Amino acid sequence: MNFPRNLDSSVEPSRNRVGGMRTAIGLFGAPIAWLAQFSLSEPLAAQACYPNQTPLSAPVWGSLTAMLAAISLACFAAALVSGFIAWRSWRQAEGKAAGENRNRFLAKLSLMSSFIFIVAVIFNSFAVLLVSPCGSWF
């Protein structure tokens with residue numbers, strides 16, 4: 001017996017993959033950007049200011065502040081892209097049918113997560129600008 005084929009069934013998996021990829025980028029993009037900023041900046045500053053047994057008054061590399069600022073800028077840009085994707089996903093999920101509660105929840109969660117971690121990237125960036133790399137914190 002031949003059953004009629006649903007022509008949309010071949011399109012649906014690719015549509016789910018794109019939506020799933022957008023959701024994953026929205027959920028994890030900004031946190032990964034913050035983690036990258038923290039994981040790259042802190043060890044780099046520590047190595048430049050404390051290469052041996054005694055701390056230095058100035059960093060070993062003269063361009064340390066520029067390197068830290070570049071890392072912060074790149075991570076901020078990545079977090080903003082993730083936030084924009086999360087915002088777009090949220091806007092699209094709000095217009096969908098009521099049966100897609102999971103997608104709405106994930107879209108709202110990704111929007112909140114992106115916002116929180118964009119703020120965290122900004123605060124870490126202020127530390128680079130306001131605190132001397134090899135100076136005392138207290």
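Along the sequence shown, the residues carry numbers beginning at 1. Computed from a prediction, not measured in an experiment: that's the story for all the values here.
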Compile the donor-acceptor pairs under 3.5 Å between side chains in residues 78-89 and protein atoms, sequence neighbours left out, one pair per line.
{"unit_1": "Ser82", "atom_1": "OG", "unit_2": "Ile25", "atom_2": "O", "d": "2.8"}
{"unit_1": "Ser82", "atom_1": "OG", "unit_2": "Ala30", "atom_2": "N", "d": "3.1"}
{"unit_1": "Ser89", "atom_1": "OG", "unit_2": "Ile85", "atom_2": "O", "d": "3.0"}

Rounded to the nearest 0.5 Å, how far apart are OG of Ser72 and CZ of Phe123?
-> 14.0 Å
What distance separates Gln37 CD from Glu42 CD, expressed to the nearest 0.5 Å?
-> 9.0 Å
Can you label the angle between the Phe38 ring and the Trp34 ring as parallel, tilted or perpendicular, going by 30° and 60°?
-> parallel
What pairs of donor and acceptor atoms, side-chain ones from residues 106-121 against any protein atom, are under 3.5 angstrom apart with sequence neighbours left out?
{"unit_1": "Ser110", "atom_1": "OG", "unit_2": "Leu106", "atom_2": "O", "d": "3.2"}
{"unit_1": "Ser110", "atom_1": "OG", "unit_2": "Ala107", "atom_2": "O", "d": "2.8"}
{"unit_1": "Ser113", "atom_1": "OG", "unit_2": "Leu27", "atom_2": "O", "d": "3.4"}
{"unit_1": "Ser114", "atom_1": "OG", "unit_2": "Gly26", "atom_2": "O", "d": "3.0"}
{"unit_1": "Ser114", "atom_1": "OG", "unit_2": "Ser110", "atom_2": "O", "d": "3.0"}

First locate atom OG1 of Thr23, then atom CZ of Phe28, and finally report the distance between them rounded to the nearest 0.5 Å.
-> 10.0 Å
Ile71 versus Leu44, closest heavy-atom pair with distance | CD1-CD2, 4.0 Å
Identify whether Ile122 and Leu130 are in the same connected component of the hydrophobic contact network (ILVMFWY, side-chain heavy atoms under 4.5 Å).
-> yes
Would you say Leu129 and Leu68 are hydrophobically clustered, going by side-chain heavy atoms of ILVMFWY under 4.5 Å?
-> no
At what distance, to the nearest 0.5 angstrom, does CD1 of Ile32 lie from SG of Cys75?
-> 11.0 Å
